[in-house]
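Right, one structure below, let's go through it.
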Amino acid sequence: MSFNCRFAPSPTGPLHIGGVRTALFNWLLAKKNKGKFFLRIEDTDKERSKDEFKKQIISSLAWLGIEHDGEEYIQSKNIKKHITIAEELLKKGFAYKCYCSEQEINEQKEKCKKQGIPYVYNRKWREAKELNVPKDVQPVIRFKSKISGNTIIKDLVQGERNISNSTIEDFIILRKDKSPTYQLSATVDDHEMKISHVIRGDDHMINSFKQKQIYDAMGWKVPEFAHIPLIHSEQGKKLSKRDNASTLEDYIKIGILSDALRNYLLRLGWSHKDKEIFTKQESIDLFDLNGVGKSPSKLDLSRIYSINETYIKTIDEKELFNYLKDYASKYKKPLNQVKEKAISKSLSFLKNKAKTLEDIWKNSQYILNDKVEINADDRKLLNDDAKKIIKDFIANYEKTDNLSKETLEPIIKSLIENHKTNFKGVGQPLRIALVGTRFGPGIYDVIKSLDKLIVLERLKKII
RNA sequence: GGUCCCAUCGUCUAUCGGUUAGGACACAUGGUUUUCAUCCAUGAAAGAGGGGUUCGAUUCCCCUUGGGACCGCCA
């Protein structure tokens, strides 16, 4: 049997971090089982679906390294088929026309609310003859949901889930404008696409019970279901668009690496023994639905930073540099060739105290900007003694070619001796003058990372 | 409110009846260092509560409590 998964977002907004994880889990499982991973754009809500979001979703997945098999499937293109199935269900007696107006339904809901009882559609038209239909109401088609008995779904993550059929109302499958609703479209498409495993957020659990009834009515094979727990905000609620840093774009913007985010999302709600860092291949090999927990997990930004830091420090420096370059041109300022060279040469220490690409960018400012700005506190440290040291340093430095730690070290040492100070006494004023802050990289690194003329210019400005 | 679900350090989690309840992040302390950071070491930190079952429960069952999801002619 073929193993087919899908990710089916609706293009009504930028891709949400929870959606990204759903996509990742689907992709992982498909890859692991040598199956297919499809992308289906569920754009049947004409009002809210936007083409730009569709594009954004596709590029977001591409950024994460999750590529789908084949063309993306556009749900709206299959509407005719959905309608055909609705008619078939109608013909077979699994569905019926409901002539209740929206107003009528709303009134019922109001009434229930007032009485404090839960609203369920009263199934008014379920068995009604169509003889006395109101002429002025366009009917909707409702699925004739089972009234008695129970339905059990053996969920691959949640285990056996049992629900009393009476709690499922006669849901609408075709609107009054003859357009299909989600329950119908998703089911028909999953069937047509031969989806074998439906992996989605736990908020879809009820939908699976509804959709199972459609599968059964049509005599279609019901796919396996796996409902993964939702990601919660730090407030412990389902992540919504209002929460900070909830879209993929937000993470890219602060300089999170794709591999790091993939790794973080993988470990959120899933684990494999004590292992924390997974390469892409490892995640494919090791991932399984058994390892997925049942309870929702909270988003932890500090953990994302930490994993990102790990990746920044361990990946190949050329690769890191390329990420930085892309990041700079997309979110900051493109690097010119001269600066590119300077940064790539110094990346080994610029990355050292960075958790994100943005941090590296910030650490690189003293190289990228022509002038350094020294804040007031640091300025105070540049007293007369410090200036004398800088002056002495300039004299020696000007004479030195071939700048390296080996040639610079004797200079610094002699300054320490002559000025009866320690390394800090020499390093700090130089660092402040060259970087603009006393919290900078090692002084040898700083000097080597800057053009000789710039070093002299910055130092002379101080004395 | 109705239906369903969940429950181990602050957070992500390991444990699949017997462990000094382990790891990671974050936090604290100490050390290395050229400032900041890194790095290293150490520390504090958890089975929600109550009943069962069992020789023995974090683990299995029930109740309570707490938390969540769903309840659209959205997907």
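Numbered from 1 within each chain, the chains take letters A, B, ... in sequence-line order.
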>> Parallel, tilted or perpendicular, judged at 30° and 60°: which one describes the rings of Phe423(A) and Tyr444(A)?
In response: perpendicular

With C1' as the reference atom in both, quote the distance from G47(B) to U15(B) in angstrom, rounded to an integer.
11 Å

**Prompt:** Do His232(A) and Ser297(A) get their side chains close enough for a donor-acceptor pair, meaning under 3.5 Å?
**Reply:** no

With the side chain defined as heavy atoms from C-beta on, Asn352(A) is closest, among A75(B), C5(B), A37(B), to A37(B)

In whole angstrom, give me the gap between the C1' atoms of G2(B) and G43(B).
49 Å

What distance, rounded to whole Å, do you find between the two P atoms, one in U20(B) and one in C16(B)?
14 Å

**OP:** Check step by step if salt bridge (charged side-chain N to carboxylate O under 4.0 Å, His left out) holds for Glu309(A) and Lys313(A).
**Re:** CA-CA 6 Å; Glu309(A) 185 179 13; Lys313(A) 289 189 175 142; 2.8 Å; yes

For the side chain of Arg431(A) and the base of U34(B), is some donor closer than 3.5 Å to an acceptor across the two?
yes

message: Would you measure the distance from the C1' atom in U59(B) across to the matching atom in U19(B) and give it in whole Å?
response: 12 Å

Side-chain donor/acceptor contact of Arg303(A) with base of A24(B) under 3.5 Å: yes

*asked:* Considering every strand and a 4.0 Å limit on heavy-atom distances, what is the contact class for Tyr444(A): base, sugar-phosphate, or nothing?
replied: base

Quick note, Ser302(A) side chain, CB onward, closest among G68(B), C25(B), A37(B) is C25(B)

message: Looking at the base of C4(B), is there any donor atom on it, or on the side chain of Arg161(A), that sits under 3.5 Å from an acceptor on the other one?
response: no

For this session: For G23(B) and C6(B), measure between their C1' atoms and round to the nearest Å.
Result: 23 Å

Tightest non-hydrogen contact, residues Phe25(A) and Leu268(A), listed as CZ-O, 4.2 Å

Checklist entry - In whole Å, what separates the C1' atom of U3(B) from that of U8(B)? => result 28 Å

Closest to the side chain of Arg267(A), out of U38(B), U13(B), A75(B), is U13(B)

(message) What's the gap between G56(B) and G51(B) when it is taken at their P atoms, as a whole Å value?
(response) 15 Å

**Asked** When you compare A44(B) with C27(B), how far apart are their C1' atoms, in angstrom units rounded to a whole number?
**Response** 9 Å

From the candidates U11(B), C6(B), C73(B), the one with an atom nearest any side-chain atom of Lys109(A) is C73(B)

